[in-house]
Amino acid sequence: MTTPFPFTAVVGQDDLRLALLLNAVSPAVGGVLVRGEKGTAKSTAVRALSALLPEVAVVSGCRFSCDPAAPDPSCPDGPHEPGAGTQRPSRMVELPVGASEDRLVGALDIERALAEGVKAFEPGLLADAHRGILYVDEVNLLHDHLVDLLLDAAAMGASYVEREGVSVRHAARFLLVGTMNPEEGELRPQLLDRFGLTVEVAASREPDQRVEVVRRRLAYDDDPTAFAARWADEEAAVRQRIVAARELLPQVRLGDGALRQIAATCAAFEVDGMRADIVMARTATALAAWAGRTDVLAEDVRQAALLALPHRRRRNPFDAPGLDEDKLDETLEQNSGEGDDDPDPDGPGGGGGQPAPDSGPQGDGGSAAQPEAGEGGQPQASGAGEQSAARAAEPFRTKVLSVPGIGEGAAGRRSRARTEHGRTTGSRRPRGALTKLHLAATVQAAAPHQRARGRSGPGLVIRRDDLRQATREGREGNLVLFVVDASGSMAARQRMSAVKGAVLSLLLDAYQRRDKVGLVTFRGSGADVALPPTSSVDAAAVRLESLPTGGRTPLAAGLLKAHEVLRVERLRDPARRALVVVVTDGRATGGPEPVALAGRAARLFAAEGVASVVVDCESGPVRLGLAGRLAGELGGTAVTLDELRADSIAGLVRDVQGSKGTSRRVA
């Protein structure tokens, strides 16, 4: 077994370590979501935590880790008689992003269930994680159906497995810890709210601290056992402190004054629901116990707010998480009543900190200095006729744009696709392991052979060849590639503001439908890939907001650049179909025969069956209809900015290539 990196040897990352330790003291806090750039010890710290957790008592031989003092009456391995049980280390179970549903919740032996009528159940990861830690690295990339199962288990404290009338239930209470890189996309709001605390981590900009990180990592890689031995005393001290805090926790008093501060803080930051209040109360109590106190102080409430509220105050997917600390201090001060003593930061137990030998100062997490920026935050670029970026208009709800036909791409919420989850549309022979049984088709396949197989009792004689896999239809996520005209013809500030508002609205829709997005812009003498295809819709919104305008309109260059992006993405992810959204007034200028060249570029998309929509940005009383002509060349549909939000396009991209019939599948 590999020796884990010691928790106390992690350099800096004080908030991350504190959040993990608070959950070790009080699992009722509800877990931790760790957000940050790659290479910031997120996974290292989480994996190191399990070595600090106290051992748990379990019923001997129980695969579901029942507590011998209060065994689960519904345990599939039960019933158990209360007894002494055995001690084992706390588990940390890792959920891979690509895990199947059966691997997560467990699986039934379908053949034995049909032929013998027995519940032969193989526990999954939720059973393994019961009374321990369930760790999901890159949790934002987890498939939606697994997210739904996690939400159900986290809400009910139990896992339910249903297979054609056979039902199994077992307890599944675990500490949920997730790590993610926000550049790769955000979490669904429902799962985000299930994490009790959230922490933002970043690499330190202090050279001394970075040197210490490298020094410790190299020492660990050279000899993990010897390195861990050097930190054994510090690990033992933290482990003992966790045990002491757990014992003290029931004695901690959460007074009415602290409760009022918690409620006032949640109200001031307009968080949804009451979960934030409850999590803050549990976190403040855990902070007091960790500091060795029996009273919750104002500083505990403040620290609890900084950990429990940032991910709950986001009003839309493009809001950065975080709290205004000045507003927080003002709210706490206004609601500090009699009996709420301010902590002495220099006194013993103040502040709820944790031992961190030789950790060095915490990095500021800030970014490097940026060049002088223009409006929208983008550095000013020089060039003739260029204007600074216009701000996007208020986003609005758009109609659904979808790709025609049936795909087989990643799970999402946009276009029709053959998936493992959804409505049953038929059956087939299983390829590999059976995952979704089609009961009627299985019985129909087995029925003609019952006499030849010597059936004598009431049960069917089922053979492997009789089993049928259910084929299902659901929804997939697509690659939505925006091709945005940023030329001088679009530069009127009010007009460009409306254009950006429309694209921002479509980006919000892409976020909700779990799409990948990309952004190509064209202006001046060429086209640029402003954002390669990514799951981070936030990044696309930032690039859009800072987009300057000006210069000629190289429409052909924009289309050719988009075609190249699709070609490369098709090699990376051949199952993901694309929807190209061209935002332009249809003009083409610059270079020899710009209109003819743009037409030839557009016909490349039509020849390959790429689904496309042209958002017509032409304005004024006289319209040339160039965008509609471009849509015809693309084999797609044109829609004006006004129509994009109006009910008149209810059927617009029900089939974006309706005039062409069913198109070929394109990545």
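Along the sequence shown, the residues carry numbers beginning at 1.
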[X] versus [Y]: any side-chain heavy-atom pair under 4.5 Å?
| X | Y | answer |
| --- | --- | --- |
| F195 | V177 | no |
| E101 | L149 | yes |
| R91 | D128 | yes |
| Q303 | L18 | yes |
| V58 | Q87 | no |
| D466 | R463 | yes |
| V296 | V252 | yes |
| V56 | D67 | no |

Going by side chain to side chain donor-acceptor pair (under 3.5 Å), name the residues that satisfy it together with [X], two or more places apart in sequence or in a different chain.
| X | value |
| --- | --- |
| R88 | S65 |
| D223 | none |
| R302 | E325, D329 |
| R194 | none |

Kindly indicate, with the supporting measurements, whether the criterion side-chain contact (heavy atoms from CB on, under 4.5 Å) is fulfilled by L20 and F7.
-> CA-CA 10 Å; L20 292 172; F7 186 85; 3.9 Å; yes
Atom pairs and distances, donor-acceptor, side-chain atoms in residues 281-289, under 3.5 Å, two or more places apart:
residue	atom	partner	partner atom	Å
R282	NH1	A28	O	3.2
T283	OG1	V279	O	2.7
T285	OG1	A281	O	2.8

Could I get the full list of salt bridge (Lys or Arg N to Asp or Glu O under 4.0 Å) partners for R275, not counting sequence neighbours?
->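 Scan of R275 (salt bridge (Lys or Arg N to Asp or Glu O under 4.0 Å), adjacent residues dropped) gives D193.
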Sequence neighbours excluded, which residues qualify as salt bridge (Lys or Arg N to Asp or Glu O under 4.0 Å) partners of D221?
->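 Scan of D221 (salt bridge (Lys or Arg N to Asp or Glu O under 4.0 Å), adjacent residues dropped) gives R217.
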Sequence neighbours excluded, which residues qualify as ring-ring contact (aromatic ring centres under 6.0 Å, His included) partners of F5?
-> Y220, F227
Not counting sequence neighbours, which residues clear ring-ring contact (aromatic ring centres under 6.0 Å, His included) with H130? List them please.
-> none
Which atom pair, heavy atoms only, marks the closest approach of [X] to [Y]?
| X | Y | value |
| --- | --- | --- |
| A57 | R131 | O-NH1, 2.6 Å |
| A445 | R468 | CB-NH2, 3.6 Å |
| N23 | G30 | OD1-N, 3.5 Å |

Can you give the donor-acceptor pairs under 3.5 Å from side chains of residues 132-139 to other protein atoms, not counting sequence neighbours?
residue	atom	partner	partner atom	Å
Y135	OH	S43	OG	2.7
Y135	OH	T179	OG1	3.1
D137	OD1	T179	OG1	2.6

CA sep, side-chain torsions, deciding dist, call: F269, L328, side-chain contact (heavy atoms from CB on, under 4.5 Å) = CA-CA 9 Å; F269 286 98; L328 174 60; 4.1 Å; yes
For side-chain contact (heavy atoms from CB on, under 4.5 Å), just list the numbers for C66 and C75, CA-CA rounded to whole Å, side-chain angles, deciding distance to a tenth of an Å, and then say yes or no.
-> CA-CA 8 Å; C66 281; C75 176; 3.6 Å; yes
Between T294 and Q251, is any side-chain donor less than 3.5 angstrom from a side-chain acceptor?
-> no
side-chain contact (heavy atoms from CB on, under 4.5 Å) evaluation trace for T198 with R35 | CA-CA 7 Å; T198 187; R35 298 164 46 94; 3.7 Å; yes
Could you check whether atom [atom1] of [X] has more than 12 heavy atoms from other residues, nucleotides or ligands sitting under 6.0 Å from it?
| X | atom1 | result |
| --- | --- | --- |
| E81 | CD | no |
| Q444 | CD | no |
| R260 | CZ | no |

ring-ring contact (aromatic ring centres under 6.0 Å, His included): pairs with one or both residues in residues 66-97, sequence neighbours excluded =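 Applying ring-ring contact (aromatic ring centres under 6.0 Å, His included) to every pair that reaches into residues 66-97, excluding sequence neighbours, yields nothing.
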According to the salt bridge (charged side-chain N to carboxylate O under 4.0 Å, His left out) rule, which pairs have a member within residues 42-55, sequence neighbours left out?
->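 Qualifying pairs, neighbours excluded: R47-E94.
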Is the shortest distance from a Lys or Arg side-chain nitrogen in D72 or R173 to a carboxylate oxygen in the other one below 4.0 Å?
->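 No, this pair does not count.
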